[in-house]
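Structure, as structure tokens:
Quick note on labels: first sequence line is chain A, next is B, and so on, each numbered from 1. Computed from a predicted structure; not experimentally measured.
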2 protein chains.
Amino acid sequence: MKKVSISDIARKAGVSVSTVSFVMNDKAVKMRISREVIEKVENVAREMGYRPNQLARGLRTGKTKTIGLIVENISNAFFATLAKTIEDEAKKYDYKVVYCSTDNDEEKARELINMLSQRQVDGYIITPTLNLADEIRKLQAESKPVILIDRYFPQHDEIPAVLVDNFEGVSRGTEYLISKGYRKIALVTIESEMAHMKDRVRGYCEILKKHGIGSEGHQVKVIPYNSGKEAAMQEIESVLSGAGESVDAVFFLTNYLGVLGIEVIKKLRIKVPEQLAVLCFDDNDIFRLYTPTISVIRQPVEEIGQKAMAALIERLKHSGEDVVQENEPVQLHADLVPRESI
Amino acid sequence: MKKVSISDIARKAGVSVSTVSFVMNDKAVKMRISREVIEKVENVAREMGYRPNQLARGLRTGKTKTIGLIVENISNAFFATLAKTIEDEAKKYDYKVVYCSTDNDEEKARELINMLSQRQVDGYIITPTLNLADEIRKLQAESKPVILIDRYFPQHDEIPAVLVDNFEGVSRGTEYLISKGYRKIALVTIESEMAHMKDRVRGYCEILKKHGIGSEGHQVKVIPYNSGKEAAMQEIESVLSGAGESVDAVFFLTNYLGVLGIEVIKKLRIKVPEQLAVLCFDDNDIFRLYTPTISVIRQPVEEIGQKAMAALIERLKHSGEDVVQENEPVQLHADLVPRESI
DNA sequence: GACATGGGCTAAAACGATTTAGTTCTTATC
DNA sequence: GATAAGAACTAAATCGTTTTAGCCCATGTC
């Protein structure tokens, strides 16, 4: 049994396809279709179980009512929540979201953009990878709106972005550790050329400098991006094994690193916070449930999603008018959530 | 700047659209297009940054190379992993996946199926809700292949399913608790009319009966589906507050319940396993990291994803030949992963 | 020199919608 | 009684592809 099309309905109802189309799109009144015909068509459509073909519709109208969401990794709690928020928000405006993960791979990100572009999505929300700016400029050149989230390109202020103030967030966290008396604070971060991570590291460095903490209390461990879980844990272990001696606090710069860190701490049976204070950027269920509970800098995930979506919808409304607005990235505040680990 | 179409290329290269189409689809040789023309077209296409419009292509061919994945909740670890596996698997066959969550809502599930159908996906992998069988039969009637995962409809063996042997998994877990000497085992489950959950409960009941454990050791707590987090924790608390007295072990039948359970245990400061042994159906990062580590019945998530995808691809190949095969649900084994909590 | 063969391409229909510009009536207006 | 206005529809173009059928030309065969 084939799918029923608009012309099947037209035939059965004894009217033209145009009439059916008008009825299905609530333009019947405007097009002065009579009450009886409207009802007839509606009945036939219902009986036959008609479902409009969105490919045909999209092809004709140039709008798919779909937005593409590209994140780093959808199975990561932060991005999963973000995706959920964006989806809920999109639904309010009658948009559907299709999401995909880059795994932080430049090439994959390009492929995803290509795929979404081929599928004619109306707009994009993207967690960018390095060197993606040119590809994104192409989308803008086709006058497709794009909003970056979580990361941004400092040298491209024509690409709007919504993210947390990373510098401020990490500064605040570091300041807190210092205020609690810790002086040998190790930083564990992931290898990244991107501005948002540099901002985080800069936050740490500047606060240490401000308090006159020199090389004795300044220790940055950079985990290479593609280290497997084992290798990464090894690296973290090399820092944390100094707990109580060379290190009295550790600040993990991402959620994922924090979880690995917990695993190392558990393995080494380090006493938190007696031997080591622990702080992590970005919250996670595990941090709330672990004993002791782990303090975090919490990003306002819902707010990021909502703001990004609002910005996108705004541009979607005025689409076609390819005005390239200049915009400072929208920077939101990240809160410190103190728990038992400090 | 508008998107470039096949006819833009044709014009610029001085050939017909058909020729361009043949070249772009690697049918040039079969269609006896000359070497020079092929190169010319390829160059022009590259220069102009051509990206084929998948809407048009899908409309013409009737295939979108897309499969629809409907899960209960994509931000749940189990489904997130499942989604990832299915996506990876799909890519091997050059299919793209679009996923969405039902939140276990019948109505929403129907809407999602409708949406995917309108978008002309080629096949479906669905975690069904109650009463969804009829809607799924309609898809089959349009000869669209559907594979159920995680759940099934016992009275509809014409809808193929891939899932874990829930009865066996829970039986094994219960048996293990008993073998360790526990005799007052509480079961915490979520309200559900669906067969997979009934199978789980049945596994528990039968093993207790087999060991002659009567009402004194038999306690089933059913959490209503839409209780908020607080209400659910309250319910769980009402069971666990008997730890060491009316209850000596608890078996959570889902991942989510287990996490809530941990939170309650933490709050009540129950000593695990001294006062209470804990077992949960379905693994989670938290269970590995919590102190003590929590024993689980682990579902072979990757295997479920792979088997489901394999079954779908098989049917996709023979699509059009609407043979309704009858098939026993594929039932995989769930392993017991003993940890410190028992 | 008529006819077949095959190489190298193109025209045009089709997919299923939307939308513009009509067409055909009926009724009102002067 | 001619004309205009509106009511109730419809024809046909269009979106960007794929694909079938066929065109034109050169070469080979008898």
Side-chain angles (χ1 to χ4, degrees), chain A residues 2-42 44-45 48-66 117-122 142 320, chain B residues 2-42 44-45 48-66 117-122 142 320:
Chain A
K2 285 277 295 162
K3 281 203 163 165
V4 355
S5 80
I6 215 174
S7 66
D8 295 328
I9 297 176
R11 201 170 315 119
K12 188 143 177 185
V15 297
S16 74
V17 281
S18 340
T19 304
V20 179
S21 173
F22 294 141
V23 173
M24 298 323 286
N25 291 287
D26 290 329
K27 296 192 175 155
V29 174
K30 206 172 88 194
M31 287 293 139
R32 309 195 197 81
I33 307 295
S34 67
R35 200 65 250 141
E36 316 130 67
V37 172
I38 294 181
E39 272 166 24
K40 172 123 193 193
V41 170
E42 279 171 347
V44 173
M48 302 182 75
Y50 172 65
R51 286 168 171 162
N53 182 327
Q54 295 293 350
L55 299 187
R57 189 191 289 234
L59 179 58
R60 174 62 232 238
T61 60
K63 308 249 144 282
T64 52
K65 281 291 185 178
T66 300
S117 165
Q118 295 191 174
R119 284 186 156 73
Q120 318 297 122
V121 301
D122 294 340
E142 289 171 1
Chain B
K2 284 278 295 161
K3 281 204 164 167
V4 356
S5 79
I6 216 174
S7 65
D8 296 327
I9 297 176
R11 202 171 313 117
K12 188 145 179 185
V15 298
S16 74
V17 278
S18 339
T19 304
V20 178
S21 173
F22 293 141
V23 173
M24 299 322 287
N25 291 288
D26 290 329
K27 296 192 175 154
V29 174
K30 206 172 88 193
M31 286 295 138
R32 311 194 195 83
I33 308 295
S34 67
R35 202 61 256 137
E36 315 130 66
V37 172
I38 294 182
E39 272 166 24
K40 171 122 193 195
V41 170
E42 279 172 347
V44 173
M48 302 183 75
Y50 172 65
R51 286 168 170 160
N53 182 327
Q54 294 293 349
L55 299 187
R57 192 193 287 238
L59 178 57
R60 172 64 232 235
T61 62
K63 307 249 145 281
T64 52
K65 281 288 183 181
T66 300
S117 164
Q118 294 192 174
R119 285 186 155 74
Q120 316 297 123
V121 301
D122 295 339
E142 289 171 1

* To do: Shoot me the first and last contacting nucleotide of DNA chain C against chain A, ordered 5' to 3', at under 4.0 angstrom to non-hydrogen atoms.
  =>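 First-to-last contact on DNA chain C, by the 4.0 Å heavy-atom rule, is dG16(C) to dT20(C).
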* To do: Provide, to the nearest angstrom, the distance between the CD atom belonging to Gln120(B) and the P atom belonging to dT17(D).
  =>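 Going from Gln120(B) (CD) to dT17(D) (P), I get 18 Å.
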* To the nearest Å, how far apart are Glu36(A) CD and dC9(D) P? ->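 Atom-to-atom, Glu36(A) to dC9(D), this comes out as 7 Å.
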* To do: Using the criterion of both pairing distances under 3.5 Å for Watson-Crick and G-U wobble pairs, give all stems of 3 or more consecutive pairs involving DNA chain D.
  =>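 Ordered by first number, the stems with DNA chain D (at least 3 consecutive pairs each) read C:1-30 with D:1-30.
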Without placing hydrogens or testing angles, list every side-chain donor-acceptor pair under 3.5 Å for residues 6-14 of chain B, not counting sequence neighbours.
| residue | atom | partner | partner atom | Å |
| --- | --- | --- | --- | --- |
| Ser7(B) | OG | Ser5(B) | OG | 3.1 |
| Asp8(B) | OD2 | Ser5(B) | N | 2.8 |

* To do: For residues Gln120(B) and Lys3(A), determine if any side-chain heavy atom of one lies less than 4.5 Å from a side-chain heavy atom of the other.
  =>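 Yes. Closest side-chain heavy atoms under 4.5 Å.
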* Strand-adjacent residues in residues 3-12 of chain A, judged by heavy atoms under 4.0 Å from DNA chain D ->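 Nucleic-acid contacts, sorted: none.
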Between [X] and [Y], what is the shortest heavy-atom contact and its length?
X         : Y         : result
Arg119(A) : Leu55(B)  : O-CD2, 4.2 Å
Glu142(A) : Ser117(A) : OE1-OG, 4.2 Å
Ala56(B)  : Leu59(A)  : CB-CD1, 3.9 Å

Please list every donor-acceptor pair under 3.5 Å in which a side-chain atom of residues 20-32 of chain A meets a protein atom from a residue at least two apart or in another chain.
| residue | atom | partner | partner atom | Å |
| --- | --- | --- | --- | --- |
| Ser21(A) | OG | Asn25(A) | ND2 | 3.4 |
| Asn25(A) | ND2 | Ser21(A) | O | 2.7 |

* What is the distance from atom CD of Gln118(A) to atom CZ of Arg51(B), rounded to the nearest 0.5 Å? ->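 Answer for the CD-CZ pair, Gln118(A) versus Arg51(B), is 7.5 Å.
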Listed pairs, N/O of protein and of nucleotides 19-21 of chain D, under 3.5 Å:
| residue | atom | partner | partner atom | Å |
| --- | --- | --- | --- | --- |
| dT19(D) | OP2 | Lys27(B) | NZ | 2.6 |

* If each of Arg32(A) and Leu59(B) is mapped to the nucleotide of DNA chain D with the nearest heavy atom, which maps nearer the 5' terminus, i.e. the 5' end? ->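 It is Arg32(A), whose closest nucleotide lies nearer the 5' terminus.
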